[in-house]
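Here the structure comes first, spelled out in structure tokens, and everything after it is commentary.
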Protein chains: 2
Amino acid sequence: MTAPMTLDDADNADAPAKPAGTQTLLRGLTLLECVAAGVGDVKGIAARLGTPRSTTHRMLTSLVAEGYLHHIPHKGYLLGSKLIQLGQKALEQRPLVAVARPRIEALARQTGDTVHLGVAEGDEVFYLDKIAGTRGLEMRSRAGLRMPLASTGIGKALMLGLDPARWAGLHARACPEESAAPATPADRPRPPPWPEFAARMADYAAWGWAFDLEENELGIRCVAAPVRDARGGVAGAISVASATPYMPDDRMRALGPLVRAAADAISCDLGWTAA
Amino acid sequence: MTAPMTLDDADNADAPAKPAGTQTLLRGLTLLECVAAGVGDVKGIAARLGTPRSTTHRMLTSLVAEGYLHHIPHKGYLLGSKLIQLGQKALEQRPLVAVARPRIEALARQTGDTVHLGVAEGDEVFYLDKIAGTRGLEMRSRAGLRMPLASTGIGKALMLGLDPARWAGLHARACPEESAAPATPADRPRPPPWPEFAARMADYAAWGWAFDLEENELGIRCVAAPVRDARGGVAGAISVASATPYMPDDRMRALGPLVRAAADAISCDLGWTAA
DNA sequence: ACGTATGTCTCATATAATGAGATAATTGGG
DNA sequence: CCCAATTATCTCATTATATGAGACATACGT
């Protein structure tokens, strides 16, 4: 931010030409992600990393010794328990998660539905926590999941804290194929066309909460509201989600103030003061 | 589970002399654990790793760039969201977790209490999952936690699948200070003395489930049962835990068969057949 | 304002990772 | 039951790689 900055940064994408001084470390991390992606055999990993078997194997052994990978002798590699531990610690270190926990648990009990907590990360919403509802249905979301901002309730609540100028771009990013197939394919839901989307966002901004009407997952509707921190910025968002039959229009309307109240309570815990 | 998995390097301690050819990677991982331990300032990290600021900073930047650390410009470093993601993936990759989920959720609903799922790892029990109960009380356990085998219900259930010859050793490991203070300090619970412990374990083995009578956490009792895999070995264990007032002796007794039934159901899902 | 801790670079050096290859152990299919 | 394929372990010469001292600018607490 000081003056002359010049080139680079901004939307540099992730160019391959970024020789930071830690090739070895980076390779090791890439290896972890490789295993996370389901590639568990030495050969496959070596191929994906472009390293010879020898080198690959050496890193693998180190990672296993440290507990980052789990090794099943002649079968392959899986992510190790150290990662579970660190992942959990990472969750605990976020003040937001710790603070929001009791509130969203209460909200889940109160509504009987599934409650999510998420933050914006880049162009996506990142799910930090989830309390399962008491209804029969299972939701296959999980902490650690990423989704386009504009296609989820939480994402739209998060967008309320962003510059409206970015809304159009984010909306576009959530629409897989803008062209062709004007008829409803029905199997892959998508956000409404831009003009309508913008109109709804305006409503949501006025209300202080947002809806998702099966735009992300068919059969799932949700009501979301943003959480703000001490500086007044949007620090995250929560949502109550359930199957459509449990979510008629009038319940959605009733849920709005409720979800917002819970979100505001978390905001207060974070030092936020209404303005 | 490749039964003899524990014999490998069990008592190897963690000798410092382990020149596996990947110093850089190992340092990076140590750095992560350092941040996990709460050391978030550059100076502290550098001190703990024994690396100069320059080197430390370089690794830090790489780790941040990859999302393994989160950087708050002039405040410090926290574990990043990539770790949350990997941790969650690690959980999903364990068939046990995926398979047990619905069962332990049902058990939690049915009993109203907190349900845990864990596996043996070395001399400890490693918690893989937790479903919070619907009673008011909060249990501060979490997935990713480690505890001595002999001081928890789940641990004792897991021990049922181990060679009884190891029981004494594990029992000893769970007793902090064998000597001194024979009077009950009362603030730090511990397992019963060995002869009694052994006797109880024999009972548990016969019943197919195990108890924990406030031996780990004062005021918390639990009932646990082992889960077996296709080869018949103990692959994990589940437990139902609650505050003592909710867990009078007769309820514990009634819970035994119930917990065992749930555990057996999971075992069946894993391909186990009664023998 | 001052002092301290951090963010960002550069560069000569040798340390530390590399990768080819040779060998043994294991698996699974025909 | 043997063969082919994959994996598990090593060694070792080579140099690419990470290292660490230091210079400088910038933010922070008090």
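Proteins come first, then strands; the chains are lettered A, B, ... in the order of their sequence lines, and each starts at number 1. Since the structure is predicted, the reported quantities are computational estimates derived from the model, not experimental observations.
- Annotation: of the two residues near DNA chain D, B:H74 and A:G44, the 5′-most nearest-nucleotide partner is A:G44.
- For the pair A:G76 and A:L25, nearest-nucleotide mapping onto DNA chain D gives the more 5' position to A:G76.
- Looking at every heavy atom in both residues, A:A224 comes nearest to A:S239 through CB-CB, 3.6 Å.
- A salt bridge links B:R166 and B:D123; the closest N-O separation between the charged side-chain nitrogens and carboxylate oxygens is under 4.0 Å.
- Remark: B:I104 CD1 to B:D129 CG distance equals 4.5 Å, nearest 0.5 Å.
- Within 6.0 Å of atom NZ in A:K89, 12 or fewer heavy atoms from other residues, nucleotides or ligands are found, so the atom counts as exposed in its surroundings.
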Kindly give the atom pairs (protein nitrogen or oxygen, nucleotide nitrogen or oxygen) under 3.5 Å for nucleotides 19-21 of chain D.
from   : atom 1 : to    : atom 2 : distance (Å)
D:dT19 : OP1    : B:R27 : NH2    : 3.3
D:dG20 : OP2    : B:T55 : OG1    : 3.1
D:dG20 : N7     : B:S54 : OG     : 3.4
D:dG20 : N7     : B:R58 : NH2    : 3.1
D:dA21 : N6     : B:S54 : OG     : 2.8

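- OP1 or OP2 of D:dA8 lies within a sub-4.0 Å distance of a side-chain N or O belonging to A:Y77.
- Donor-acceptor pairing under 3.5 Å is lacking for the side chains of B:T24 and A:T24.
- For the pair A:H71/A:L69, no side-chain contact is recorded, criterion being any heavy-atom separation below 4.5 Å from C-beta on.
- Salt-bridge annotation for B:K82 and B:E66: absent, with no side-chain N of the basic residue lying under 4.0 Å from a carboxylate O of the acidic one.
- For C:dG7, one of the phosphate oxygens OP1 or OP2 lies less than 4.0 angstrom from a side-chain nitrogen or oxygen of B:H57.
- Going from atom CG of A:D41 over to atom P of D:dA5 covers 16 Å, rounded to whole Å.
- B:D269 pairs in a salt bridge (charged side-chain N to carboxylate O under 4.0 Å, His left out) with only one of the listed residues (B:R228, B:R101, B:R103), which is B:R103.
- In this entry the distance linking NZ of A:K75 with P of D:dA8 reads 13 Å, nearest Å.
- End-to-end axis angle for the helix from C:dA1-D:dT30 to C:dA14-D:dT17, using five pairs per end and rounding to 10°, comes out at 20°.
- Taking the six-membered ring for Trp and thresholds of 30 and 60 degrees, A:Y127 and A:H116 have ring planes more than 60 degrees apart, a perpendicular arrangement.
- Taking atom NE2 of B:H71 as the reference point, atom C1' of C:dT8 lies 11 Å away to the nearest angstrom.
- To the nearest angstrom, C1' of D:dA8 lies 14 Å from NZ of A:K43.
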